[in-house]
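Below, each value reflects all heavy atoms present in this structure, side chains not excepted, and no hydrogens, waters or symmetry copies. Note that ligands are numbered from 1 as they come in the structure, with each ligand's atoms numbered from 1 the same way.
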Amino acid sequence: METNNNPSFRDKPVNLDESGNRKWIRAQQPKGKWYNRRTIFAWFCVAFLVLAPIIKIHGNPLMLFDIANRKFSLFGNIVWAQDTFILALIMLVTVVFIVLFTVVFGRLFCGWACPQTIFLEMIFRRIEFLFEGNHRGSSSKQKEGFARTLTVIGKHASFVVVAILITNVFVMWFTGPEKLLQIITSPISENQLGFLFMFAISVFYYIVYAFLREQICTFFCPYGRLQGVLLDSKSISVIYDYKRGEPRGIKDGGDCINCGQCIAVCPTGIDIRNGTQLECINCTACIDECNTVMKKVKKPGNLIRFDSFHGIEKGIRSIANARTYAYSAVLFILIIVLGVTVSNRSSVDVSIERMPGTMCQMIDSVTVSNIYNVKIINKASSAKHITFKLVDIQGGVLQFTNDLSTLESNKAAESVLMIQLPKKMIKTRSTDLKIGVYENNELVTVNTINFIGPQN
Ligand code: SF4
Ligand code: SF4
């Protein structure tokens, strides 16, 4: 897919100089319809990130990864850590969707919806433009002495504030807004570990956006590396129309006047005219900038555009090929399996485990007891009235330390359970017991546990 006769651009990363030192990329601010669309979409994504744990659907957060209580709220639906098969299916559907999306649209996600790009390009880079000016003809470079120091301090102080805000949003996705408010309003001495964690995350974000920046996309991000195996000649991405553009130069006949503006606005510092590259995050800045240049030189726009290599070469844009059909079929099947699994999952999940370190106790000369830990989860959207009974044995007594008879929707409850049985019914050292869990006298599920009798 290269159009460059000298492929030496592949010899080293664009943000390193000959001796391997960092070359700072100071991209110019783009202007144009794609940048405006991207700005609107980015702010929609930021609003989603901030509001998703706050907005409630049927009393559940729109999105919440409550790891402490081992439950996840996905678009208002509660999935418990115990639903391992459902969680695995959700992850599989997500992976196949990402693969299919990348095969069809290349790295579009990176430039438009990735939080790294949104925060860097729409917040941190704009703060930088505010303090230092647009990097071509930048006013900050002309500042000297104290004025320059003030500019640098102002910029980095703003970076720190935004990094702390992002940390709070990040933590809110795992704690919910109420818990976050409680954490940030209580004294540090009451929550030293939480404070240290948030401090470390804030430092991490500050380093990422103040120093690492585009290196996250070009060196660290594994998704970018996947492009090499996922893209093909029909994948849509930001691409330079070399048929129209070459030979480049004002007098050489092609539409590209070799002005270098597409490189000046590129946040990863590459020259898209070299062809599709790992570093291209499909941000569309070069499309806008080249369109502005084309307008000035009175040539048709879209010399750089969203298209495929196949589209440039043959003039036909088509995303259909064997891979897109195959991935679509797999995704469709997985979504069906996920839907069926979710609709058939039990509304009550019960686990009964022997209390660690306990065997059997003699209550009196004729009664034996064992002690268990019980955990019950109501996964339904309404409260449940639960009773526990021994299924295949008469005369036993179940005693709970906590009342489990009424369970609120999407709540878990725990109790210690003591089972007492007449000694005469325990014929062997180890007996399997079945405990039925009933809702309104209807059997919901049966748990088999092991009851240990006394040594004869
Ligand atoms: S902005 Fe357009 S005309 Fe200028 S170098 Fe890039 S592709 Fe060529
Ligand atoms: S080449 Fe164009 S689309 Fe790709 S990262 Fe650079 S400016 Fe964005």
**OP:** Examine F124 together with F159 and report whether their ring centres are nearer than 6.0 Å.
**Re:**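 Ring-ring flag for F124/F159: true, centres closer than 6.0 Å.
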Subject >> Pair S235-D232, side-chain donor/acceptor within less than 3.5 Å >> reply: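 S235 vs D232: donor-acceptor pair found between side chains.
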**OP:** Could you tell me how the ring of W112 sits relative to the ring of W34: parallel (under 30°), tilted (30 to 60°) or perpendicular (over 60°)?
**Re:**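 Judged by the thresholds at 30° and 60°, the geometry between W112 and W34 is perpendicular.
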Subject >> Plane angle bin for Y205 and F170 - parallel if under 30°, tilted between 30 and 60°, otherwise perpendicular >> reply: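 Geometry flag for Y205 against F170: perpendicular rings.
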Subject >> Option among I335, L334, V342 that satisfies the side chain to side chain contact (heavy atoms under 4.5 Å, CB included) test with L89 >> reply: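 One option only clears the test, and that one is L334.
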**OP:** Have a look around atom 8 (Fe) of ligand 1 and list protein N/O/S atoms under 2.8 Å, or say none.
**Re:**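 Less than 2.8 Å away from atom 8 (Fe) of ligand 1 sit C256 SG.
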**OP:** Side-chain contact test, heavy atoms from C-beta onward, threshold under 4.5 Å: evaluate it for C283 versus P267 and give yes or no.
**Re:**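 Yes, their side chains come closer than 4.5 Å.
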Subject >> V348 side chain reached by E439 side chain, heavy atoms, under 4.5 Å >> reply: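 Counting from C-beta outward, E439 and V348 never come under 4.5 Å.
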Subject >> Subset of ligand 1 atoms that lie under 4.0 Å from at least one heavy atom of M294 >> reply: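 Contacts of ligand 1 toward M294, numbered from 1: 3 (S).
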Subject >> Proximal protein heteroatoms (N, O or S) of atom 8 (Fe) of ligand 2, under 2.8 Å >> reply: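 Counting only protein N, O or S atoms under 2.8 Å from atom 8 (Fe) of ligand 2, the list reads C283 SG.
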Original post:
Would you find more than 12 non-hydrogen atoms of other residues, nucleotides or ligands less than 6.0 Å from R70 atom CZ?
Top reply: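 Incorrect, the count does not exceed 12.
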Original post:
What distance do Y240 atom OH and C262 atom SG have between them, rounded to the nearest 0.5 Å?
Top reply: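 Going from the OH atom of Y240 to the SG atom of C262 covers 8.0 Å.
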Subject >> Salt bridge K56-E178, side-chain N to carboxylate O under 4.0 Å >> reply: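 Between E178 and K56 there is a salt bridge, with a charged N closer than 4.0 Å to a carboxylate O.
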